[in-house]
Amino acid sequence: MAFPELLDQVGGMGRFQILQLMALVVPIVLLTMQNMAENFSAAVPSHRCWVPLLDNATSQAGVAGALSPEALLAVSIPRGPDQQPHQCLRFRQPQWQLLDSNVTATNWSEATTEPCVDGWVYDRGTFTSTTVTKWDLVCDSQFLKPMAQSIYLAGVLVGAAVCGHASDRFGRKRVLTWNYLQTAVSGTVAAFAPTFPLYCLFRFLVAFAVAGIMMNSGSLLMEWTSARARPLVMTLNSVGFSFGQMLMAAVAYGVRDWWLLQLAISVPFILSFVYSWWLPESARWLLITGKLDWGLRELQKVAAINGKRAAGDTLTMEVVLSALQEEVSRGQDPVSLGALFCTPGLRLRTWVSLMIWFAFAFTFYGLALNLQALGSNIFLLQLLIGAVDLPAKMGTLLLLSRLGRRPLQAGSLVLSGLCVLANTLVPHEMGALRSALAVLGLGALGASFTCVSIFLSELFPTVLRMTAVGLGQMAARGGAILGPLVLLLGVYGPSLPLLVHGTVPLLSGLAALLLPETQNLPLPDTIHDIQNQAVKKARHGPPRCVVLKATQL
């Protein structure tokens, strides 16, 4: 594996890597806002049926006497289960007898009520407009709101599958540039969608592109950075998600119209599309796939940016061929998705990686939904979720070089699982302790995400890295979809959802111990490199009977 030496020659951590990090992290911040947007753009405000006595000036003028709005509301809208005005029913005729102090507000029959046939009146004190108010996604149509979120998550899942394979075939930069454009255009069109189905369609296309941006940004950073600087760069990339969550709270607080919010988080991707043409393609991918001339030009470009033009000039085709002769020949051998599941050196890595990705998303969305149930201010809640992430991820950076990838990956998942399981033993009256355990669990998940972004990318060869990352993203989206649904198990027992949400990361953390350590190892380029790593481990490892098992990792 000679590419690390070539990278060191042109600069594995210099001015170029800093500029590349800045260019790639800004869209990460923006795409996090896309992921979180429907917490605000699809918020459900308080609402009630439209009634003539309250909402028609002509009808109000015909009412004898001076009745207060509260009195008109009492005779027009029945009380709901929470003793507040019913959100989905109104009286067919005003119930004037309810003004009598001797008549209770619940003294009415269903026969005297009807659905909101004339529409709804929404409380616009917090949000001027949302997708819920635009398309009346309430009462009998309330299921359409979670359907829109599921369609978005399905878009990420499909995008992960397609973009991962496309990146290994056509290149990281090409797919990334297209994803920037697709996000900008689809997100902007979604803001002006005339119907709800069209809105869902364009949000699906946004999610499709978001998956490609997440995967290709990480891959370019990994493949252009030296092994020593890789943890720092990938941690800063991960911190972009944390800042995106906090920035989402600030932008949503200032922009209360859903379509303006959608525009605000979509239009900036046009700038990312424009400057992405400057970004070099992954030279590692180019050389391994036989595009030698292009790869050599990109190496020389990076050398010039890093102030090592003389070193770049010494790079010639003969030098590259001499250094990478074996990798280039093996990298051009046909590889497919099946190699991840059929090759002994990759099979276990693939299955455990999928478990880790699934467990992270499954538990994160389960905890996030539980936090929302606490009734906190929606803007403050979004801010706190991002704020909790920051110290967890920075702490992970410090521990990666001391503890290694495998122990930290396993430990963060086990800790998050134990925090969730511990909440099953804490009484609901001890709200502060339950919240503290939930926050600690989220912090552990933040550490797990940083670790998984670095560790699992180092486990797979360049020729299949994006395909493997794409599969991981698919598993994560599956976990994101299923995580909130586990709350439905609460009808069988209040602690059952917590038991499931805690057990999954706990088992996945233990499974992570089966993976090989990758700290300070160069990125593998071919399947042959994976096999060489196993052979080297066998030569310097424990007795033969144990080594035979290790070679299957």
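Numbers here are sequence positions counted from 1. In what follows, every heavy atom counts, from backbone to side chain, and hydrogens, waters and symmetry copies are set aside.
A donor-acceptor pair under 3.5 Å is absent between the side-chain atoms of K301 and the main chain of P280, judged by distance alone. At least one donor-acceptor pair under 3.5 Å links the side chain of Q17 to the backbone N or O of G11. Side-chain atoms of N306 come within 3.5 Å of backbone atoms of F16 as a donor-acceptor pair (strictly under, hydrogens ignored). Put simply, the side chain of N216 gets close to the backbone of G212: a donor and an acceptor are under 3.5 Å apart. The main-chain N or O of L459 is found under 3.5 Å from a side-chain atom of R349 such that the two form a donor-acceptor pair. The main-chain N or O of A184 is found under 3.5 Å from a side-chain atom of T188 such that the two form a donor-acceptor pair. Of the possible donor and acceptor atoms, none in the side chain of T503 sits under 3.5 Å from a partner among the backbone N and O of V500. When atom types are taken as modelled, the side chain of R15 and the backbone of I305 share a donor-acceptor pair closer than 3.5 angstrom. Counting only distance, with no hydrogens or angles, the side chain of R309 and the backbone of A304 share no donor-acceptor pair below 3.5 Å. No donor-acceptor distance shorter than 3.5 angstrom exists from the side chain of Q34 to the backbone of V206, with no hydrogens or angles considered.
No donor-acceptor contact under 3.5 angstrom links the side chains of E38 and T131, judged on distance only. Using modelled atom types and a 3.5 Å distance limit, the side chains of T396 and T450 yield no donor-acceptor pair. A donor-acceptor contact under 3.5 angstrom links the side chains of S266 and Q262, judged on distance only. Donor-acceptor pairing under 3.5 Å is recorded for the side chains of S448 and Q409. For the residue pair Q20 / T225, no side-chain donor-acceptor distance below 3.5 Å is found, with atom types taken as modelled.
Y275 OH to L24 CG: the interatomic distance, rounded to the nearest 0.5 Å, is 7.0 Å. Residue R230 holds its CZ atom at 12.0 Å from OG1 of T235, rounded to the nearest 0.5 Å. Of the inter-residue distances, the one linking F269 atom CZ with I265 atom CD1 reads 8.0 Å to the nearest 0.5 angstrom. Rounding to the nearest 0.5 Å gives a distance of 10.0 Å between CG of L506 and OG1 of T363. To the nearest 0.5 Å, atoms OG1 (T183) and CZ (F208) are separated by 10.5 Å. Here the straight-line distance linking atom CG of L30 with atom OH of Y180 works out to 9.5 Å at 0.5 Å rounding.
Between F362 and the choices F364, F360, F358, the ring-ring contact (aromatic ring centres under 6.0 Å, His included) rule is met once, by F358. Remark: of the listed residues S167, S219, S217, S219 is the sole one forming a side chain to side chain donor-acceptor pair (under 3.5 Å) with R172.
Between I356 and L515 there is a side-chain heavy-atom pair separated by less than 4.5 Å. Between W351 and F341, the closest side-chain pair of non-hydrogen atoms falls below 4.5 Å. When side chains are defined from C-beta on, L181 counts as touching W178, because their heavy atoms get closer than 4.5 Å. By the 4.5 Å heavy-atom criterion applied to side chains, M246 and T32 are not counted as neighbours. Within the 4.5 Å cutoff, side-chain heavy atoms of T350 are placed close to those of F460. A 4.5 Å side-chain heavy-atom check between I18 and M13 finds at least one atom pair inside the cut-off. Contact of the W259 side chain with the S41 side chain is not registered, since no non-hydrogen atoms from C-beta on lie closer than 4.5 Å. Counting only heavy atoms from C-beta outward, the side chains of F192 and L263 approach each other to under 4.5 Å.
Contact between A190 and Y199 at its shortest, heavy atoms only, is O-CD1, 3.6 Å. Heavy atoms only, all atoms of each residue included: L471 and L354 are closest at O-CD2, 3.4 Å. Between M215 and A160, the shortest heavy-atom contact is CE-O, 3.5 Å. Minimum heavy-atom separation, P27 to I213: CB-CG2, 4.5 Å. Taking both residues in full, the closest heavy atoms of G240 and I28 are given as C-CG2, 3.9 Å, listed atom of the first, atom of the second, then distance. Scanning both residues, I454 and M234, for their nearest heavy atoms gives CG1-CB, 3.2 Å.
A 6.0 Å sphere centred on CH2 of W278 holds more than 12 heavy atoms belonging to other residues, nucleotides or ligands. In this structure, F196 places its CZ atom where more than 12 heavy-atom neighbours from other residues, nucleotides or ligands lie under 6.0 Å away. For W294, the CH2 atom counts as densely surrounded, since its 6.0 Å shell holds more than 12 non-hydrogen atoms of other residues, nucleotides or ligands.
Residues F204 and Y152 place their aromatic rings such that the two centres sit no closer than 6.0 Å. Residues F40 and W258 keep their aromatic ring centres 6.0 Å or farther apart.
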In sequence, state the C-alpha distance, the side-chain angles, and the governing distance for L464 and L346, and then conclude on side-chain contact (heavy atoms from CB on, under 4.5 Å).
-> CA-CA 10 Å; L464 281 169; L346 292 175; 4.2 Å; yes

Run the numbers on M248 and L261 for side-chain contact (heavy atoms from CB on, under 4.5 Å), then give the verdict.
-> CA-CA 10 Å; M248 180 77 257; L261 181 61; 3.6 Å; yes

Under the side-chain contact (heavy atoms from CB on, under 4.5 Å) criterion, do V158 and R477 qualify, and how do the steps go?
-> CA-CA 9 Å; V158 176; R477 292 315 109 190; over 6 Å; no

Side chain to side chain donor-acceptor pair (under 3.5 Å) evaluation trace for T177 with S276 | CA-CA 6 Å; T177 299; S276 67; 3.2 Å; yes

Run the numbers on C163 and N179 for side-chain contact (heavy atoms from CB on, under 4.5 Å), then give the verdict.
-> CA-CA 9 Å; C163 294; N179 290 151; 3.9 Å; yes

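With salt bridges taken as basic N to acidic carboxylate O contacts below 4.0 Å, none links E281 and R174.
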